[in-house]
Amino acid sequence: MTEIVFDRVSHDFGPDRVVDDVSLVLAEHRIGIVGANGSGKSTLARMINGLVTPSSGRVSVGGLDLARHAREVRRMVGFVFTNADNQIVMPTVREDVAFTLRRHKLDRADAAARVDAALQRFGLTELADRPAHRLSGGQKQLLALAAVLVAEPSIIVADEPTTLLDARNARLVSEHFAELPQQLVVVSHHLELLEEFDRVIVMEGGRVIADDRPGPALDVYRELIGSAR
Amino acid sequence: MIGVFHPGRSLLHRAPALLKLGLLAAFVTAVALQGSLMALAVASVLVMVLFLIAWLPLRLVWQQVVPILWLLAFAVPVQVVFGGWEAAAMMAVRLVLAVALAALYTLTTPVSATLDAMQALLRPFRRWIDADRVGLTLALTIRCVPLLAEIVREVLEARKARGAEGSIAALAVPVIVRALQTAEHLGDALTARGFDD
């Protein structure tokens, strides 16, 4: 797996320090990040493909420093957002998946084959010519995942991909995430999804307060939530 | 253009987007220059034949044409008063034909084909114009229409739930804030998908 390195990373939004001196090396297959709202977990995830540039410290992916090689890193790292609506650009399902490949300069037949394979993998073939904005929440999130995976990234970062979904769609999306061979970094409040992961990081106040296997790390998080009541 | 493409295998579906755009421009110009009702009647029959060739569901065609009928409900009486019934009839037929032809184009052409056609058109000017960027701008413009419509719908519902139906501020402020937030998120999503220059 590719090494994702956070070296003494801090980030400020105005006067607020949202990530505070975090150092981590992420090399496991599936890594979860949990924490309360405002704990800095989404900011940390966004640093992995350079959507957020740290105020201090260094982030690197596969040895490439984000400060100098953001574009190369983005080719390796796919990002799935909380609200799939914000990720959909093109009017129909097929066109939106194909949109990702417009910058990849593939020949038409190769691009079409990759799009068809991505649609089939997520059960979207029947919906290929439907307006993307009229899909259900779960279908939109699967479309967002297909649009990311068609570029064949080696790492996928997902920021609360199931938060806006009902229980059925959340389970459907989680099942697809569980089957991905790519290295996965998932920010989530959906603890069941993270129980099967290799490593879980718990964040609070911009700092890492637990970094362990899912069992012990999620116990720390549950305790944290309990003490906040 | 807003995701209304209806897949099919008709001659019109298979025709190149660039050719269709050219014919659309030529046909609409010809209709605009016609000075007799008879010529417009012939053009109307031709447009109907084109719709039959495209073999589209009537409901979809109607949805595309009906908004212009609302406009005509106001414009035709005014034109009858100031220009007479013949001028009003010709204006109405010209507008309906232009909208119907544009709808025929969008119903039979995926947006990605339009983007490719735009890029092909702009290729000779690539020293001065970034065709990829123009294509992306067009795609985003099309995408933002349903996105903004959804925001307005949700804010109108929230305004109603708070009992502030008449308040302009209760509509404008949340719509502007959410539109700006959506624009920021869309920018992030584009960056994440490699459109970061």
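Residue numbers start from 1 in every chain, and the chains themselves are labelled A, B, ... in the order their sequence lines are given, proteins ahead of strands. The shown structure was predicted, so the numbers you read here are calculated from the model rather than taken from an experiment.
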Legend entry - Which atoms of A:E95 approach chain B - backbone, side chain, both or neither, heavy atom under 4.5 Å: side chain
Legend entry - Portion of A:D96 that has a non-hydrogen atom of chain B nearer than 4.5 angstrom: both
[X], [atom1] atom: more than 12 neighbouring heavy atoms under 6.0 Å:
X      : atom1 : result
B:R9   : CZ    : no
B:L58  : CG    : no
A:Q120 : CD    : no
A:E126 : CD    : no
A:F13  : CZ    : yes
B:I168 : CD1   : no
A:E3   : CD    : no

Inset, instruction - Please report the shortest heavy-atom distance between A:F79 and B:A192, naming the atom on each side. - result: CB-CB, 3.8 Å
Legend entry - Contacting moiety of B:L136, where chain A heavy atoms sit under 4.5 Å: side chain
Inset, instruction - Below 4.5 Å from any heavy atom of chain A, which atoms of B:P110 appear? Answer side chain, backbone, both or neither. - result: both
Inset, instruction - Determine the option with the most heavy-atom pairs under 4.5 angstrom with chain B, choosing from A:D129, A:V148, A:V80. - result: A:D129
Legend entry - Contact listing (chain A partner; residues 179-188 of chain B; heavy atom under 4.5 Å): B:T182, B:H185, B:L186, B:D188
Inset, instruction - Return the option, out of B:T191, B:L147, B:L190, B:L140, with the maximum number of heavy-atom pairs under 4.5 Å with chain A. - result: B:T191
Inset, instruction - Give, for atom OG of B:S112 and atom CZ of A:R94, the distance between the pair rounded to the nearest 0.5 Å. - result: 9.5 Å
Legend entry - Contact residues of residues 43-62 of chain A (partner chain B; heavy-atom separation under 4.5 angstrom): A:R46, A:N49, A:L51
Legend entry - Any donor-acceptor pair under 3.5 Å from B:R193 side chain to A:Q87 backbone: yes
